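Have a look at the structure below, then the notes.
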Amino acid sequence: MSTMTFGRAINAGLRRAMDNDPKVVLMGEDIGKLGGVFRITDGLQKDFGPHRVLDTPLAESGIMGTAVGLAYRGYRPVVEIQFDGFIYPAFDQIVCQVAKLHYRTKGAVKVPLTIRVPFGGGIGSPEHHSESPEAYFTHTSGLRVVSVSNPQDAYVMIQQAIASDDPVLYFEPKRRYHVKGEVDESVDLSSTSMNDARVVTEGSDVTLVTYGPLVPTARDAAIAASDDGISIEVIDLRSLAPIDFGTVEKSVRKTGRLVITHEAAQSGGLGAEIAASITERCFYHLEHAPVRVTGFDIPYPYSKVEFHHLPDLDRILDGVDRALGRPNSLSPHNGLEG
Amino acid sequence: MPSNDQTDATRDELIQLITPNGERRSNAAYDPWVADVDGAALQALYEDMVVIRRIDAEATALQRQGELALWPPLLGQEAAQIGSGRALREDDFVFSSYRENGVAYCRGVDLTDLLRVWRGNASSGWDPYAINMATPQVIIGAQTLHATGYAMGILTDGADSVAVTYFGDGATSQGDVNEAMVFAASYQAPVIFFCQNNQWAISEPVRLQAHVPIARRAPGFGIPSVRVDGNDVLACLAVTREALDRARTGGGPTFIEAVTYRMGPHTTADDPTRYRDANELEDWAAKDPIARLAGLLDSEGLLPAEVSDAVKATADEVAARLREGCISMPEPAALDVFKHVYSEPNSWLERQQDHYEQYLTSFGSSEEGGR
């Protein structure tokens with residue numbers, strides 16, 4: 001066990017994957033000498049050379065398309081998209097090529113790409129630096145999508161994503177990069193699967209489902225709620241496509257109440273998919289309609305008001321109150337109306 | 001010799017070794033690249049072009065008869081595809097668009113595999129690694145990046161093979177093609193950009209894509225370029241060999257603009273009479289790639305009746321095999337729709353497949369239910 005930051009844990013995971021497989025190559029803007037704008041690839045070009053850690057021209061579609069070509073040649077590229085909001089020029093290559101090549105060629109061509117995306121808000125950045133675009137990709141067949149919430153998962157799951165023969169989008173909550181945690185580097189990678197959700201805290205009254213940057217917030221909400229005698233079970237999805245609905249279903253059958261929280265906008269988002277799927281699977285166990293606590297259906301706002309947009313502990317607890325039928329922001333005569 | 005210092009005038013020069021009248025024209029720079037091409041080799045190129053024109057005509061007929069949903073004819077572009085395709089080595093790798101059936105023929109594609117996509121039986125016809133050619137790319141220009149990435153891999157591997165990407169004049173407006181040239185130049189990747197400028201992108205004339213000869217763009221990226229008469233199979237062979245040699249010996253990428261003409265429609269669903277003049281077609285028919293090689297062969301006594309008859313018989317035999325392969329192609333099974341989406345198990349898809357299987361079974365056998 002060693003203590004390291006979230007960012008350092010990803011770096012250590014990348015290093016181990018590169019040590020284990022000479023076909024693993026990193027590609028991205030500023031990832032070489034600079035080590036990436038978040039320093040996630042710090043020192044890797046120095047140790048592995050410019051052919052394993054490629055500084056690329058500033059063209060996201062170009063990065064993604066050439067990564068596909070390297071995959072054709074038998075390589076296992078790990079692409080860094082510098083910020084979430086910069087992924088869209090690569091969208092065509094991701095959706096039309098990365099996601100579909102295996103299907104198109106009846107399995108002849110594998111695209112074992114890992115696409116690292118620092119995502120989410122809360123860092124006071126200008127436009128295009130704080131987005132949560134995961135639902136575009138969870139809606140695209142052929143892709144796997146994961147999001148990590150702590151250094152241990154970050155370390156393990158980056159290696160599992162790279163080892164996967166399927167393309168994986170790996171969403172990193174950039175506002176947690178400096179959070180420290182214990183990382184067991186001796187862990188056996190095959191002892192866990194990135195497809196499995198994890199119960200973070202057990203509880204019996206409400207199931208609170210989240211992923212990535214909001215996992216610590218949800219855990220804090222569970223601690224705060226316990227002061228009021230409310231027992232929240234927090235689930236970290238880890239995999240967003242496919243979602244481990246079995247774990248969520250098991251929890252909701254116990255609690256009868258479901259709250260989903262994510263930073264991404266609400267409409268057409270993952271919360272809607274989770275609410276629908278869990279309702280289908282355990283309708284008769286639900287005591288209340290599923291509740292979503294999410295970002296608003298707005299472009300990511302300017303930094304001085306971003307805290308209104310981002311679900312925080314109080315908004316999550318308000319959602320928990322709604323699921324429990326306790327007085328909440330939507331109750332009649334709550335003083336907020338009119 | 002193309003180089004980064006070339007002037008617009010030399011860059012615009014059309015490399016031609018056989019005139020439209022079928023006369024051999026000498027070219028000090030490019031003659032050495034085809035010095036080994038003797039009479040028998042010329043006859044072989046002639047046969048290739050006749051055969052793929054016959055394949056193209058048969059496939060067009062199969063579409064008209066309802067056996068194919070669609071077909072993208074290559075009529076008029078035989079020299080560009082055979083000339084370049086026959087220059088390649090087995091370990092080179094091709095990334096093409098959907099019109100390069102002539103190149104696929106050179107790579108040794110199974111005839112039936114040419115038709116699978118167009119009959120609606122598959123999303124691609126062949127295993128790319130079996131003939132070192134990716135299956136046709138439909139997104140315009142996307143394959144140029146794949147070729148460049150593949151070439152970057154060749155460099156890292158220390159190999160001397162080459163990635164060759166085919167695309168049209170319309171594709172040169174795409175960001176991907178321009179980004180591919182940036183990457184290819186930056187890493188000096190062994191990749192050839194083979195642009196068949198066939199004058200038309202469906203209904204849009206090339207002047208809507210470019211106001212200067214397309215070949216002039218490449219030097220702006222630091223990539224040497226050459227314009228070649230795309231209806232001259234010998235010239236296409238020569239410029240491709242030169243570019244391959246450059247790539248194999250560490251010289252990096254080359255851009256080739258093969259000036260040719262799409263004599264047919266964009267696809268069998270297109271109607272060119274709505275947008276282009278019949279006179280234009282006549283002008284280009286006079287520069288027909290097969291007729292001009294036939295003229296050269298004839299003038300050298302290399303195309304006696306027994307040779308041309310044998311070529312025609314071969315083409316007819318190939319067409320018959322193509323037709324037989326088409327109509328006897330097995331139908332895909334209902335549950336094939338779920339196959340190969342992922343290479344590892346996926347819980348979402350498994351659930352949907354289980355449900356759909358149950359649904360089909362509710363009609364009786366799952367296979368019958370799927371039709």
Side-chain angles (χ1 to χ4, degrees), chain A residues 22-23 25 27 49 51-52 54-75 77 89 92-93 95-97 99-112 138 141-144 164-167 193 195 239 241-246 273 277, chain B residues 93 95 117 122-130 134-139 141-157 159 161 163 165 174-176 178-187 189 191 336-351:
Chain A
K23 292 294 184 187
V25 294
M27 308 171 71
H51 289 294
R52 301 280 309 273
L54 281 79
D55 268 327
T56 63
L58 269 64
E60 285 78 9
S61 188
I63 299 169
M64 207 61 67
T66 51
V68 168
L70 281 159
Y72 259 104
R73 182 80 191 170
Y75 284 86
D92 170 66
Q93 284 285 345
V95 171
C96 297
Q97 312 300 334
K100 295 187 172 76
L101 250 175
H102 190 262
Y103 189 74
R104 182 183 304 149
T105 61
K106 294 186 193 292
V109 179
K110 293 197 190 317
V111 190
T138 60
S141 305
L143 302 176
R144 291 177 185 273
S164 172
D165 278 344
D166 288 321
S193 164
N195 294 324
S239 175
I243 287 173
D244 172 13
F245 282 124
E273 179 56 41
S277 291
Chain B
F93 207 104
F95 293 86
V117 168
S123 293
S124 65
W126 59 84
D127 174 349
Y129 298 112
T135 54
Q137 178 58 245
V138 177
I139 301 295
Q143 75 277 13
T144 58
L145 282 169
H146 306 164
T148 304
Y150 189 93
M152 287 157 63
I154 292 173
L155 267 189
T156 305
D157 294 343
S161 54
T165 181
Q174 288 282 358
D176 276 1
N178 290 275
E179 291 185 22
M181 287 197 272
V182 171
F183 278 65
S186 291
Y187 299 110
V191 55
D336 284 357
V337 295
F338 294 102
K339 286 186 184 160
H340 307 299
V341 181
Y342 299 92
S343 53
E344 293 162 14
N346 184 285
S347 58
W348 281 359
L349 200 56
E350 281 165 5
R351 190 178 169 93

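Since we're looking at a predicted model, the values are computed, not measured. Throughout, a chain's letter reflects where its sequence line sits, starting with A, and its residues are numbered from 1.
Listed options Val117(B), Ile154(B), Thr144(B), Asp336(B) were ranked by heavy-atom pairs under 4.5 angstrom with chain A; first place goes to Ile154(B). Ranked by heavy-atom pairs under 4.5 Å with chain A, the first of Asn346(B), Leu155(B), Asp127(B), Val138(B) is Asn346(B). When each of Lys110(A), Gln93(A), His51(A) is scored by its heavy-atom pairs under 4.5 Å with chain B, the top score falls to Gln93(A). Per-residue counts of heavy-atom pairs under 4.5 Å with chain B were compared for Leu101(A), Val111(A), Asp244(A), Leu143(A); the largest is that of Leu143(A). In terms of heavy-atom pairs under 4.5 angstrom with chain B, the leader among Pro89(A), Ser141(A), Ser61(A), Gly107(A) is Ser61(A). Annotation: maximal heavy-atom pairing with chain B below 4.5 Å, among Ser164(A), Ala67(A), Gly74(A), Ala241(A), occurs at Ser164(A).
Contacts between Val337(B) and chain A at a heavy-atom distance below 4.5 Å involve backbone atoms as well as side-chain atoms. Both the backbone and the side chain of Thr56(A) come within less than 4.5 Å of a heavy atom of chain B. Using a 4.5 Å cut-off between heavy atoms, Gln143(B) does not touch chain A at all. If you measure heavy-atom distances from Ser186(B) to chain A, the contacts under 4.5 Å come from the side chain alone. Both the backbone and the side chain of Ala134(B) have a heavy atom closer than 4.5 Å to some heavy atom of chain A. With a 4.5 Å cut-off on non-hydrogen atoms, Met64(A) does not touch chain B at all. The contact between Ser161(B) and chain A is made entirely by side chain atoms (from C-beta outward), counting heavy-atom distances below 4.5 Å. Using a 4.5 Å cut-off between heavy atoms, Asn178(B) makes no contact with chain A at all. In this structure, the portions of Ala142(B) lying under 4.5 Å from any heavy atom of chain A include both its backbone and its side chain.
Using cut-offs of 30° and 60° on the angle between ring planes, the pair Trp348(B) and Phe245(A) is parallel.
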**Q.** Worked check of side-chain contact (heavy atoms from CB on, under 4.5 Å) between Cys96(A) and Gln137(B)
**A.** CA-CA 10 Å; Cys96(A) 297; Gln137(B) 178 58 245; 5.8 Å; no
Q: May I have the step-by-step check of side-chain contact (heavy atoms from CB on, under 4.5 Å) for Asp92(A) and Asp176(B), ending in yes or no?
A: CA-CA 10 Å; Asp92(A) 170 66; Asp176(B) 276 1; 4.0 Å; yes
Q) When you look at Thr66(A) and Glu179(B), which way does the side-chain contact (heavy atoms from CB on, under 4.5 Å) test go after all the steps? A) CA-CA 10 Å; Thr66(A) 51; Glu179(B) 291 185 22; over 6 Å; no
Q: With side-chain contact (heavy atoms from CB on, under 4.5 Å) as the test, would you mind laying out the steps for Leu54(A) and Met152(B) before giving the verdict?
A: CA-CA 11 Å; Leu54(A) 281 79; Met152(B) 287 157 63; 3.6 Å; yes
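When all heavy atoms of Asp165(A) and Glu344(B) are compared, the pair lying nearest together is N-OE2, 2.8 Å. Across Ala159(B) and Arg73(A), no two heavy atoms sit closer than the pair CB-NH2, 3.8 Å.
Between the side chain of His340(B) and the main chain of His102(A), no donor-acceptor pair closer than 3.5 Å is present. One N or O on the side chain of Tyr342(B) and one on the backbone of Gly142(A) form a donor-acceptor pair closer than 3.5 Å. Side chain of Tyr75(A) to main chain of Tyr150(B): no donor-acceptor pair is present (N/O by atom type, distance under 3.5 Å, no hydrogens or angles).
Of the options Val109(A), Val68(A), Leu70(A), a side chain to side chain contact (heavy atoms under 4.5 Å, CB included) to His146(B) is made by Val68(A) and by none of the others.
Checked against side chain to side chain contact (heavy atoms under 4.5 Å, CB included), Ala185(B) has the following partners two or more places apart in sequence or in another chain: Ile223(B).
Within the 4.5 Å cutoff, side-chain heavy atoms of Pro128(B) are placed close to those of Thr105(A).
Separation of atoms NZ (Lys100(A)) and OG (Ser124(B)) is listed at 14.0 Å; rounding is to 0.5 Å.
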